[in-house]
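Every heavy atom of this structure was used, including side-chain atoms; hydrogens, water molecules and symmetry mates were not. Note on naming: letters A, B, ... go to the chains in the order of the sequence lines (proteins, then strands), and numbering restarts at 1 for each one.
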Amino acid sequence: MVLKLSTLFLRTLREDPVEAEVDSHKLLVRAGYIRRAAPGIYTWLPLGLKVLARVEAIVREEMNAIGAQEVHFPALLPREPYEQTGRWTEYGEGLFRLKDRKGADYLLAPTHEEMFTLLVKDLYSSYKDLPAYLYQIQNKYRDEARPRAGLLRGREFIMKDSYSFNIDDEGLDEAYVAHRGAYVRIFERLGLEVVPVFAQAGAMGGSKSEEFLHPTAVGEDTFVRSPGGYAANVEAVTTVVPDAIDFSDAAAFEVLDTPDTPTIETLVEAANQLRPRAEGQWTAADTLKNVVVAVIDPEGNRHVVVIGIPGDRQVDLKRAEATIGLALEINGEVAVEAANAEDLAKHPELIAGYIGPGNGLDQQVLGTEASSGIIYLVDPRIVSGTSWITGANEKGKHVFGLVAERDFSFDGTIESVKVREGDPAPDGSGPLRTERGIEMGHIFQLGRKYAASLDLKVLDKNGKLSVVTMGSYGIGVTRAVAALAEAYHDDNGLAWPKQVAPADIHIVVTGKGEELLVAADNLAKEFEAKGMEVIFDDRPKVSAGVKFSDAELIGVPTIVVVGRGLADGVVEVKDRATGERRDVAVTDVVEELTA
RNA sequence: CGGGCUAUGGCGCAGCUUGGUAGCGCGCCUGACUGGGGGUCAGGAGGCCGUGGGUUCAAAUCCCGCUAGCCCGACCA
């Protein structure tokens, strides 16, 4: 196909759109690929649609290759299925809701688990029908509190979502592996570097979950990786637990007056004055900080919990949120926030700045079995035999040399500490580094949550009804277009990898002779006959400079210039990405570029 | 939801402090020149200055309310 710029629906902009912050957004708008229709909602123009179609084609091919079958659901859905799984309310403000003329509730689908589950339930009823892998490429709607960065986080976006249905866990594992393989191939073919990271499946119940993150400075997710290849979402990092220390000849603890030391900083200073030690100054890492948090269960009840962590560390509420539900034996999603004044007022035994587990096992304050009855969880680094400076539960007093398991106990450990650059990877593969990334895909084993709540059961070998187990797998297709634009551009514009470019060849004709136009037009037709997509800049009365700039902005991988060289029988071939240019005989150029 | 900023032709902006009937660049139209890096000249079209109210002889400009958008943060299967 030949797209003539004289008639193509396109207007390139010389200036960056004022609302755009990130390069991909600026360039996609400037080069005429997309237009903003509303916050986080974009119109696709002809060039943008070409790229989108090519990305989708790659996704389809790889999904079909693992035996997945494409279907297409409506984006406009009735309330009932989402009511059954509880998501009509759980989704909260993020859901676009609307009513029909009769006043019945509808929604614009934020994701389609319910509909896929019901579709399989509708048509299948035997284990012999399984496994089934179904997918669609479709619009999703989420009323994001703050859409940003153009296509990277929109309110309407295109997602490839697929779901696997199996009778047993082994089948689910196979489905997961198959999808994982397809994802690796999809991103490789797109030319998008991705790092599969372990993700926290959370209270959703799914056992296995990985996110495919594309490392980039404009990414919204933070993840960590090690030189040895470990990669994980910060929520999912596990701490390397030190060995227990023998405390048989450790000195007894002592309670000291430490007036006006409500912070770790002031405490460390006081410690170095009161009890200077030979092996170097006390540091924050020698103190045990006890942070009071409130855990809010799905019913909205607040549970006060104290978390003990090394004083040089900070609590990461999101990390705590991921697992604290298990520790408290609460089912469902919980929220964790810093305790407020009201929470503290209910527990007068908690003296701000001087909270500690208690002075001795027989005088333990924190813990379900102790005097306060408050659940006490600690960081996994607080192992048996470690010795701490910590609060003595009395204003102006701290206890020194309090030894874990000898002088205090706790109800359990929790991963709640902010992961730091340089922390060791859990698999021993070296120090962790934090990086930013964009989530390009997410695969996870859903298990039986949706199948159970929507009653998707099939007869098994023994003729008994059995709940189907599911996997859910998503790729952000429009986000992939943005990520590609972000990864492949320079100061002059976009520079697409050839498999996703809106065209294969961009022909520019410069000069005003009729013979130039004829020659260029013939070349365009020859390329087209070879099955190539061609953009042909045939605009009359447009200066060469404008045409070159537009070609670079649009970013087709190969630019062919038909101009002054034609008299000598040559055209210029430019590589958009490298900037390399060379003359090629007109008679050879089609052959050479289609080889 | 908290904080900051903005709203003036299609786009990017100035004008507002000190009220007097709207201007610049890009883009668009016509013509001439130019013709390998966003070229030059001449002529043109296009604006209830976000919205509602107030002050005033007079409001883009001053005052009050509202709305929308952008950025940072919170949030984001």
message = Pairing check on C11(B): which nucleotide meets the Watson-Crick or G-U wobble criteria with it, both distances under 3.5 Å?
response = G25(B)
ask   = F548(A) ring centre to K574(A) NZ or CZ under 6.0 Å, with the angle to the axis within 45°?
value = yes
ask   = Hey, which of these two, T111(A) or A20(A), hits RNA chain B nearer its 5' end, going by closest nucleotide?
value = A20(A)
message = Check for me whether the distance between the ring centres of Y135(A) and H72(A) falls short of 6.0 Å.
response = no
inquiry  = Would you call the rings of Y473(A) and Y183(A) parallel, tilted or perpendicular, taking 30° and 60° as the class edges?
reply    = perpendicular
Between the protein and nucleotides 32-39 of chain B, list every N/O to N/O distance that falls short of 3.5 Å.
| residue | atom | partner | partner atom | Å |
| --- | --- | --- | --- | --- |
| G35(B) | N7 | K512(A) | NZ | 3.4 |
| G36(B) | O2' | R564(A) | NH1 | 2.8 |
| G36(B) | N7 | T510(A) | OG1 | 3.0 |
| G36(B) | O6 | R564(A) | N | 3.1 |
| G36(B) | N2 | E572(A) | OE1 | 2.8 |
| G36(B) | N2 | E572(A) | OE2 | 3.1 |
| G37(B) | O6 | K574(A) | NZ | 2.4 |
| G37(B) | O6 | R581(A) | NH2 | 3.0 |
| G37(B) | N1 | E552(A) | OE2 | 3.2 |
| G37(B) | N2 | E552(A) | OE1 | 2.6 |
| G38(B) | O2' | R14(A) | NH1 | 2.4 |
| G38(B) | O2' | R14(A) | NH2 | 2.9 |
| G38(B) | N2 | D550(A) | OD1 | 3.3 |

query = What interatomic distance, in whole Å, is found between C1' of C26(B) and the corresponding atom of A68(B)?
reply = 26 Å
query = Do the side chain of R142(A) and the base of A77(B) come within less than 3.5 angstrom through a donor-acceptor pair of N or O atoms?
reply = yes
G52(B) to C71(B) separation - P atoms, rounded to the nearest Å = 28 Å
ask   = salt bridge (charged side-chain N to carboxylate O under 4.0 Å, His left out) with E114(A): which of K449(A), R87(A), R79(A)?
value = R87(A)
task = Quick one: sort the Y163(A) and F116(A) rings into parallel, tilted or perpendicular, breaks at 30° and 60°.
result = tilted
task = Assign the ring pair F444(A) / H442(A) to parallel, tilted or perpendicular, where the plane angle (0 to 90°) is split at 30° and 60°.
result = tilted
inquiry  = More than 12 heavy atoms of other residues, nucleotides or ligands under 6.0 Å from NZ of K457(A): yes or no?
reply    = no
ask   = Taking the inter-plane angle between the rings of Y33(A) and W496(A) on a 0 to 90° scale, is it parallel (under 30°), tilted (30 to 60°) or perpendicular (over 60°)?
value = tilted
remark   = Of P17(A) and G474(A), the one whose closest nucleotide on RNA chain B sits nearer the 5' end is P17(A)
inquiry  = Keeping S164(A) on the side-chain end and G471(A) on the backbone end, is there a donor-acceptor pair under 3.5 Å?
reply    = yes
message = Rounded to whole Å, please give me the gap between NZ in K26(A) and P in C70(B).
response = 16 Å
query = Rounding to a whole Å, what distance do you find between M115(A):CE and A77(B):P?
reply = 22 Å
request  = Just name whichever nucleotide pairs with A60(B), Watson-Crick or G-U, keeping both distances under 3.5 Å, else none.
outcome  = none
ask   = Separation of M440(A) atom CE from A77(B) atom P, in whole Å?
value = 16 Å
task = Please give the nucleotide sitting opposite G36(B) as a Watson-Crick or G-U wobble pair, both distances under 3.5 Å, or none.
result = none
remark   = Checking N1-N3 plus N6-O4 or O6-N4 for Watson-Crick, or N1-O2 and O6-N3 for wobble, each under 3.5 Å, the partner of G50(B) is C66(B)
query = So does E592(A) have more than 12 non-hydrogen atoms from other groups sitting under 6.0 Å from CD?
reply = yes
remark   = When rounded to whole Å, the CD to C1' distance for the pair E15(A) and G9(B) reads 15 Å
ask   = Rounded to the nearest 0.5 Å, what separation is found between the CG atom of D105(A) and the CG atom of L95(A)?
value = 10.0 Å
RNA chain B contacts made by residues 479-490 of chain A, counting heavy atoms under 4.0 Å = none
Opposite nucleotide pairing with G73(B), Watson-Crick or G-U, both atom distances under 3.5 Å = C1(B)
query = W88(A) ring centre to R97(A) NZ or CZ under 6.0 Å, with the angle to the axis within 45°?
reply = yes
ask   = What is the base-pairing partner of G19(B), counting Watson-Crick and G-U wobble geometry with both distances under 3.5 Å?
value = none
message = Tell me which nucleotide, if any, is Watson-Crick or G-U wobble paired with U30(B) when both distances must be under 3.5 Å.
response = A42(B)
task = Using the C1' atom as the reference point in each nucleotide, state the distance between U17(B) and A59(B) in Å, no decimals.
result = 15 Å
ask   = Looking only at atom P, what distance separates C49(B) and A22(B), rounded to whole Å?
value = 11 Å
query = Is the distance from OP1 or OP2 of C70(B) to the nearest side-chain N or O of R36(A) less than 4.0 Å?
reply = yes
key: Residue H442(A), side-chain heavy atoms: nucleotide from C70(B), C13(B), A77(B) that is nearest   = A77(B)
message = What is the separation between atom CD1 on I443(A) and atom P on A77(B), rounded to the nearest whole Å?
response = 17 Å
message = Is it true that, when you exclude R420(A) itself, more than 12 heavy atoms of the residues, nucleotides or ligands shown sit nearer than 6.0 Å to its CZ?
response = yes
Within the sub-3.5 Å range, which N or O atoms of nucleotides 73-75 of chain B have a protein N or O partner, and how far apart are they?
| residue | atom | partner | partner atom | Å |
| --- | --- | --- | --- | --- |
| C75(B) | N4 | R148(A) | NH2 | 3.0 |

